[in-house]
Asker: 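Take a look at this one; I'll ask things after.
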Amino acid sequence: MQQAACRNADTVIVLDFETTGMSPDQGDRAIEIGAVKLEAGQLADRFQGLMNPGLRVSAFIEGLTGISNEMLVGAPACEEVMNEFADFIAGHDLVAHNASFDRRFLDAELARIGRGYSGEFACSMLAARRVYRDAPDHKLGTLVAYKGIPHDGTFHRALADAEMTAGLWLGMLGDITARHEFANIPFSLMQELARVPAAAAAGFLGRARRRNQVKQKCRVC
DNA sequence: TGCCAGGCCCTCTTTAGGGCCTT
């Protein structure tokens, strides 16, 4: 059986990496992964792991994340943590804020251990640019404040950021449902939303809702 | 502190350039 056929459409993994820098192609590595599993809009599970990249992180990263070199010395190797994480995300679609960044590190770290994943990515930042066009900007912290998403004040730690991204994701789904009267919002629609011009997003959602209604009527018939 | 890279978006564009966002 193909892995893609096993994906649960009601379940997504919202993830966030802390890393040594911006680019795995330049030698940067992951130092922490955090993720939450959402099942039918409810938080069902968490994953958090510091990992030792085998190199020292800069003072800038220590200051930004609060993750020190001393903390990483005693952490398990990236290979061990990422192997567990590959099991955690198996068969599920994935969400991240500025997903292109997290996808590069996920791909790079899993490639190192010969693992992969079958889910597809959606980006909460690209979706938010279309749903919340009046927000001051679309940084995660700004959107959390803008939408009043509960948090404990921790930023730039993987699990905390993943939980806030999950809150933002659920909030967007709720706002789209309320504004456009969706009965349900497929994951693929959120991917498509991220690809339409921002100015055309409202029209896109209106047309998508009408298509959704037609499908539902057909099911009744 | 701000740069590094990569992908994406927007517009005074499309044979381009600047800005956003992630660590």
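So that the names make sense, note that chain A is the first sequence line, chain B the second, and so on, each numbered from 1.
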Asker: Can you tell me, in whole Å, how much space there is between the P of dT13(B) and that of dG19(B)?
Answerer: 15 Å
Asker: Does Arg56(A) CZ have over 12 foreign heavy atoms under 6.0 Å away?
Answerer: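 Not buried by this count: 12 neighbours or fewer within 6.0 Å.
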Asker: Say whether, by atom type as modelled, one donor and one acceptor occur between the side chain of Arg157(A) and the main chain of Ile67(A) under 3.5 angstrom.
Answerer: no
Asker: Is it true that a side-chain atom of Arg179(A) and a backbone atom of Val131(A) form a donor plus acceptor pair closer than 3.5 Å?
Answerer: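 Confirmed, Arg179(A) side chain pairs with Val131(A) backbone.
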Asker: Do side-chain atoms of His138(A) reach the backbone of Ser124(A) as a donor and acceptor pair under 3.5 angstrom?
Answerer: no
Asker: In residues 154-168 of chain A, what residues come within less than 4.0 Å of DNA chain B, judged by heavy atoms?
Answerer: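 Per residue number, the list reads His156(A), Asp161(A).
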Asker: List the residues meeting ring-ring contact (aromatic ring centres under 6.0 Å, His included) with Phe17(A), not counting sequence neighbours, and say none if there are none.
Answerer: none
Asker: Taking any atom under 4.0 angstrom from a heavy atom of chain A, which nucleotides of DNA chain B are the first and last to qualify, 5' to 3'?
Answerer: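 Counting from the 5' end, contacts occupy dT1(B) to dT23(B).
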Asker: Is it the case that the side chains of Asp28(A) and Ser23(A) hold a donor-acceptor pair, with the cut-off being a distance below 3.5 Å and no angle test?
Answerer: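 Side chains of Ser23(A) and Asp28(A): no pair found under 3.5 Å.
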Asker: Considering only heavy atoms from C-beta outward, does the side chain of Val81(A) approach that of Phe47(A) to under 4.5 Å?
Answerer: yes
Asker: According to the interplanar angle, ranging from 0 to 90°, do the rings of Phe121(A) and Tyr117(A) count as parallel (below 30°), tilted (30 to 60°) or perpendicular (above 60°)?
Answerer: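 If you compare the ring of Phe121(A) with that of Tyr117(A), the planes turn out perpendicular.
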Asker: Base, sugar-phosphate alone, or nothing: which one does Arg130(A) contact when heavy atoms must sit under 4.0 Å apart?
Answerer: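 Here Arg130(A) touches the backbone only, sparing every base.
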Asker: Can you measure from CG (Leu140(A)) to NE2 (His151(A)) and round to the nearest 0.5 angstrom?
Answerer: 9.5 Å
Asker: Any side-chain heavy-atom pair from His156(A) and Glu32(A) closer than 4.5 angstrom?
Answerer: no
Asker: In whole angstrom, give me the gap between the P atoms of dC20(B) and dG2(B).
Answerer: 14 Å
Asker: Taking atom P in both dC12(B) and dG7(B), compute the distance separating them and give it to the nearest angstrom.
Answerer: 26 Å
Asker: Taking the same atom, C1', in dT14(B) and in dC9(B), what whole-Å distance lies between them?
Answerer: 14 Å
Asker: Roughly how many Å apart are dG18(B) and dT1(B), using the P atom of each and rounding to a whole number?
Answerer: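 It comes out at 26 Å once rounded to the nearest Å.
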Asker: Please confirm whether the backbone N or O of Glu79(A) pairs with a side-chain atom of Arg112(A), one donor and one acceptor, at under 3.5 Å?
Answerer: no
Asker: Where along residues 196-203 of chain A does a heavy atom fall under 4.0 Å from DNA chain B?
Answerer: Pro197(A), Ala198(A)
Asker: Donor-acceptor pair, Glu109(A) side chain versus Ala30(A) backbone, under 3.5 Å?
Answerer: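 Answer holds: yes.
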Asker: When we call it a touch if two heavy atoms are under 4.0 Å apart, what does Leu140(A) touch: a base, just sugar-phosphate, or nothing?
Answerer: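 If one applies the 4.0 Å heavy-atom cut-off, Leu140(A) turns out to touch the sugar-phosphate alone, with no base involved.
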Asker: Scan residues 96-107 of chain A against DNA chain B and write down, sorted by residue number, each residue with any heavy atom closer than 4.0 Å; if none is found, say none.
Answerer: His97(A), Asn98(A), Ser100(A), Phe101(A), Arg104(A)
Asker: Which residue, Asp28(A) or Met125(A), contacts DNA chain B at a nucleotide closer to its 5' end, judged by nearest heavy atom?
Answerer: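 With Asp28(A) and Met125(A) compared, the 5'-side residue is Asp28(A).
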Asker: Sequence neighbours left out, what passes ring-ring contact (aromatic ring centres under 6.0 Å, His included) with Phe60(A)? Give chain and number order.
Answerer: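 If we apply the ring-ring contact (aromatic ring centres under 6.0 Å, His included) test to Phe60(A), skipping adjacent residues, there are no hits.
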